[in-house]
Amino acid sequence: MREKYDGDAFDLQPEDLAGGWVPVFRAWFAEAVATGAPEPNAMVLATVDEAGMPATRTVLCKGLDERGVVFYTNYGSDKARAVDANPVAAVTFPWIAIHRQVHVRGAVTRVTAEETAAYWAERPRGSQLGAWASDQSRPVAGRAAMAERFAEVEARFEGADVPVPPEWGGYRIAPEVVEFWQGRENRVHNRVRLTAPDFRPVRLQP
Ligand SMILES: Cc1cc2nc3c(=O)[nH]c(=O)nc-3n(C[C@H](O)[C@H](O)[C@H](O)COP(=O)(O)O)c2cc1C
């Protein structure tokens, strides 16, 4: 497999990022959405646990602005344990369909309970119940046991709003480094990196 990366009329320059990384991120995100490729807000999240072992998994970006990138998860999950022990993370948005990626890394903090509650309220009831039913990343006997846990929480909250589980909420990755990558002809790609605190765009060799 050998894909050519020369069909894009747009050619990223550091100057394009002079106004900050967020507007360019939003423009690229819109282009990724327009391709119709599934889940353009999916990002690969890397964490490092207390033993120094890295791990990656996909999560959905549920908020992005100058303060950073937000995702939601179970605060008892493996990723949360890693982040609690080692509060840094990196994410990559792999927008393969447009031959681009954006990478963000930095310190991680929990979002406020209010921010989590606001997002929780937008989630479908089934997802809310699923969050209660899952002790994420812990072993379970089988699907039947999971179905039983789901039925239990369904019965518990019947006729009532489903509250935010105590072990569930958001994290924000504050950007220390943001990097934009665009595939170009002959593998001479465009890479522009912005680093805190001034976020001055710098071109890197591909
Ligand atoms: C497209 C996609 C989106 C996902 N979104 C989330 C998410 O937003 N939050 C989450 O906790 N897990 C999400 N997952 C599941 C994670 O990849 C992972 O399996 C789970 O969070 C447990 O990871 P951990 O054991 O490393 O903590 C998603 C998986 C896929 C494939």
Side-chain angles (χ1 to χ4, degrees), residues 25-26 28-65 67-147 149-150 153 157 162-175 178:
F25 180 93
R26 291 196 195 290
W28 284 28
F29 180 70
E31 288 194 48
V33 170
T35 66
E39 311 219 63
N41 63 326
M43 53 189 190
V44 177
L45 166 73
T47 54
V48 179
D49 73 10
E50 60 195 350
M53 181 63 82
T56 63
R57 77 290 283 159
T58 309
V59 293
L60 297 178
C61 173
K62 292 294 178 177
L64 183 139
D65 58 25
R67 295 172 299 164
V69 180
V70 175
F71 63 93
Y72 288 88
T73 195
N74 183 301
Y75 284 148
S77 65
D78 281 357
K79 77 182 82 51
R81 290 176 189 205
V83 155
D84 290 346
N86 204 357
V88 289
V91 288
T92 297
F93 292 84
W95 293 322
I96 313 294
I98 55 171
H99 300 147
R100 297 184 198 176
Q101 73 178 354
V102 178
H103 171 75
V104 179
R105 65 175 185 259
V108 181
T109 51
R110 291 186 182 193
V111 305
T112 61
E114 291 71 31
E115 200 171 339
T116 288
Y119 171 63
W120 178 259
E122 287 175 16
R123 299 188 90 210
R125 186 178 177 85
S127 309
Q128 294 178 337
L129 293 169
W132 272 95
S134 172
D135 196 3
Q136 194 177 51
S137 312
R138 306 285 76 81
V140 64
R143 270 219 79 78
M146 278 314 301
R149 291 175 66 106
F150 190 90
V153 296
F157 297 114
V162 184
V164 181
E167 282 293 290
W168 194 91
Y171 285 102
R172 175 174 282 108
I173 305 169
V178 182

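Read the numbers this way: they start at 1 and go in the same order the structure lists the ligands and their atoms. We use all heavy atoms of the structure for the numbers below, so side chains are in, but hydrogens, waters and symmetry mates are not.
- In this structure, CG on Leu64 lies 8.5 Å from CE on Met43, to the nearest 0.5 angstrom.
- The shortest distance between side-chain heavy atoms of Glu122 and Lys62 does not fall below 4.5 Å.
- For atom 27 (O) of ligand 1, the nearest non-hydrogen atom from the set Gln136, Glu39, Lys79, Arg138 comes from Lys79.
- The pair Asp49-Lys79 fails the salt-bridge criterion, with no side-chain N (NZ, NE, NH1 or NH2) lying under 4.0 Å from an Asp/Glu carboxylate O.
- Ranking the protein heavy atoms by distance from atom 6 (C) of ligand 1 puts Val59 CA, 3.5 Å first.
- Closest to atom 11 (O) of ligand 1, if we only count protein heavy atoms, is Thr73 OG1, 2.6 Å.
- In terms of protein heavy-atom proximity, atom 26 (O) of ligand 1 is closest to Arg57 NE, 2.8 Å.
- Checked by distance only, ligand 1 and Leu60 come closer than 3.5 Å through their nitrogen or oxygen atoms.
- For atom 9 (N) of ligand 1, the nearest protein heavy atom (residue, atom name, distance) is Tyr72 O, 2.9 Å.
- Aromatic pair Phe157/Trp132: ring centres closer than 6.0 Å.
- Between Val70 and Glu115, the closest side-chain pair of non-hydrogen atoms falls below 4.5 Å.
- Between Phe29 and Phe25, the ring-plane angle classifies as parallel under the 30° and 60° cut-offs.
- Protein heavy atoms are absent from the space less than 4.0 angstrom from atom 19 (O) of ligand 1.
- The heavy atom nearest to atom 24 (P) of ligand 1, out of those in Ala131, Ser137, Ala82, Ala55, is found in Ser137.
- Around atom 4 (C) of ligand 1, the closest heavy atom drawn from Thr58, Asn74, Asp78 belongs to Thr58.
- Below 30°, between 30° and 60°, or above 60°: for Tyr119 and Trp168 the angle between ring planes is below 30°, a parallel geometry.
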